Amino acid sequence: VQLQAYGGGVVQGGGSLRLTCAASGRPFRNYALGWFRQAPEKGREFVASISLNGGATYYAESVEGRFTISRDNAKNTAFLQMNSLKPEDTAVYYCAAKSGLARTTVRDYDYWGQGTLVTVSS
């Protein structure tokens, strides 16, 4: 499966952005999806993940209550709605896919899209 993430940009603190992950290739519904991010000079970290049918979602503690992950299998897309953004959310955001259950670690994901940059100003 090929993934493409987009929707990043520059936003003021407290604002919102919606990231989209578009998939092509193998059936999208066969993959759990995850969003990860990497800030400058830091490692890639888990943000959120969603199960095959969207019935289960998982969030990093730092984004719980502010971010929402969702997916539309009919349109081969996944989303990350980000509200109440903070400067510390500034990072390149990546979407990733894996077979089986949704997980929360980088090494569990086999397919990665290119990142999209989110910059939150204070």
Side-chain angles (χ1 to χ4, degrees):
V1 63
Q2 292 79 47
L3 304 171
Q4 183 175 5
Y6 58 92
V10 180
V11 62
Q12 274 197 320
S16 298
L17 278 175
R18 188 193 200 199
L19 304 183
T20 299
C21 178
S24 60
R26 297 179 181 177
F28 183 69
R29 63 183 180 276
N30 292 346
Y31 296 90
L33 272 292
W35 285 98
F36 295 80
R37 66 186 182 186
Q38 187 164 10
E41 301 183 2
K42 292 189 176 180
R44 194 167 298 189
E45 65 175 6
F46 169 75
V47 175
S49 61
I50 189 167
S51 61
L52 300 176
N53 63 1
T57 56
Y58 308 90
Y59 296 94
E61 187 175 335
S62 59
V63 306
E64 181 87 53
R66 299 188 297 123
F67 291 11
T68 303
I69 188 172
S70 61
R71 65 189 296 163
D72 184 341
N73 286 347
K75 296 183 178 179
N76 293 338
T77 54
F79 307 97
L80 185 69
Q81 178 66 42
M82 305 185 295
N83 298 329
S84 302
L85 282 161
K86 305 176 182 180
E88 51 263 44
D89 295 317
T90 295
V92 176
Y93 283 71
Y94 300 88
C95 62
K98 65 176 297 295
S99 301
L101 299 177
R103 299 294 188 192
T104 63
T105 55
V106 172
R107 65 178 181 270
D108 285 320
Y109 286 78
D110 302 309
Y111 306 96
W112 292 82
Q114 91 295 348
T116 184
L117 177 62
V118 172
T119 303
V120 184
S121 61
S122 56

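No experiment lies behind these values; they were computed from the predicted model shown.
Atom-to-atom distance recorded for Leu80:CG and Thr20:OG1 is 9.5 Å, nearest 0.5 angstrom. Taking CD1 of Ile69 as the reference point, atom SG of Cys95 lies at 9.5 Å (rounded to 0.5 Å). How far CZ of Arg37 is from CG of Leu117: 12.5 Å, rounded to the nearest 0.5 Å. Distance check, rounded to the nearest 0.5 Å: OG of Ser122 to NZ of Lys86 gives 14.0 Å. Atom OG in Ser51 sits 7.0 Å away from atom CZ in Arg71 (nearest 0.5 Å). Atom OG of Ser70 and atom CZ of Arg18 lie 6.0 Å apart (nearest 0.5 Å).
Gln114 places a side-chain N or O within 3.5 Å of a backbone atom of Ala5 that can act as its donor or acceptor partner. Panel note: side chain Arg103, backbone Gly34; no donor-acceptor pair is recorded below 3.5 Å. Put simply, the side chain of Arg29 never gets that close to the backbone of Asn73: no donor and acceptor are under 3.5 Å apart.
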From CA spacing to verdict: side chain to side chain contact (heavy atoms under 4.5 Å, CB included), Ser99, Arg26: CA-CA 11 Å; Ser99 301; Arg26 297 179 181 177; over 6 Å; no
From CA spacing to verdict: side chain to side chain contact (heavy atoms under 4.5 Å, CB included), Phe28, Thr77: CA-CA 8 Å; Phe28 183 69; Thr77 54; 5.6 Å; no
Verdict with reasoning, Trp35 to Ser49, per side chain to side chain contact (heavy atoms under 4.5 Å, CB included): CA-CA 6 Å; Trp35 285 98; Ser49 61; over 6 Å; no
Side chain to side chain contact (heavy atoms under 4.5 Å, CB included) between Tyr59 and Thr68, intermediate numbers included: CA-CA 8 Å; Tyr59 296 94; Thr68 303; 3.8 Å; yes
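Ring pair Phe36/Trp112 is tilted by interplanar angle, where 30° to 60° counts as tilted. Under the 30°/60° scheme for interplanar angles, the aromatic rings of Phe67 and Tyr93 are found to be tilted.
Take Asn83 and apply the side-chain hydrogen bond (donor to acceptor under 3.5 Å, both in side chains) test, not counting sequence neighbours, and it matches Ser16, Gln81.
Linking Ile, Leu, Val, Met, Phe, Trp and Tyr whenever their side-chain heavy atoms come within less than 4.5 Å leaves Val92 and Leu3 in two separate clusters. In terms of hydrophobic clustering, with Ile, Leu, Val, Met, Phe, Trp and Tyr side chains grouped at heavy-atom distances under 4.5 Å, Val118 and Val63 are assigned to a common cluster. When the side chains of ILVMFWY residues are joined at heavy-atom separations under 4.5 Å, either directly or via intervening members, Leu85 and Val47 end up in a single hydrophobic cluster. Leu17 and Phe79 fall into different hydrophobic clusters, defined by Ile, Leu, Val, Met, Phe, Trp and Tyr side-chain heavy atoms under 4.5 Å apart, directly or through other members. Put simply, Tyr31 and Tyr109 are part of two different groups of oily side chains (I, L, V, M, F, W, Y) that touch within less than 4.5 Å, one to the next.
Tested against Met82 for a side-chain contact (heavy atoms from CB on, under 4.5 Å), the candidates Val11, Leu19, Asp89 yield a single pass: Leu19.
Aromatic rings of Phe46 and Tyr58 (six-membered ring for Trp) have centroids beyond the 6.0 Å cut-off, not under it.
Across Leu52 and Gly100, no two heavy atoms sit closer than the pair CD2-O, 3.8 Å.
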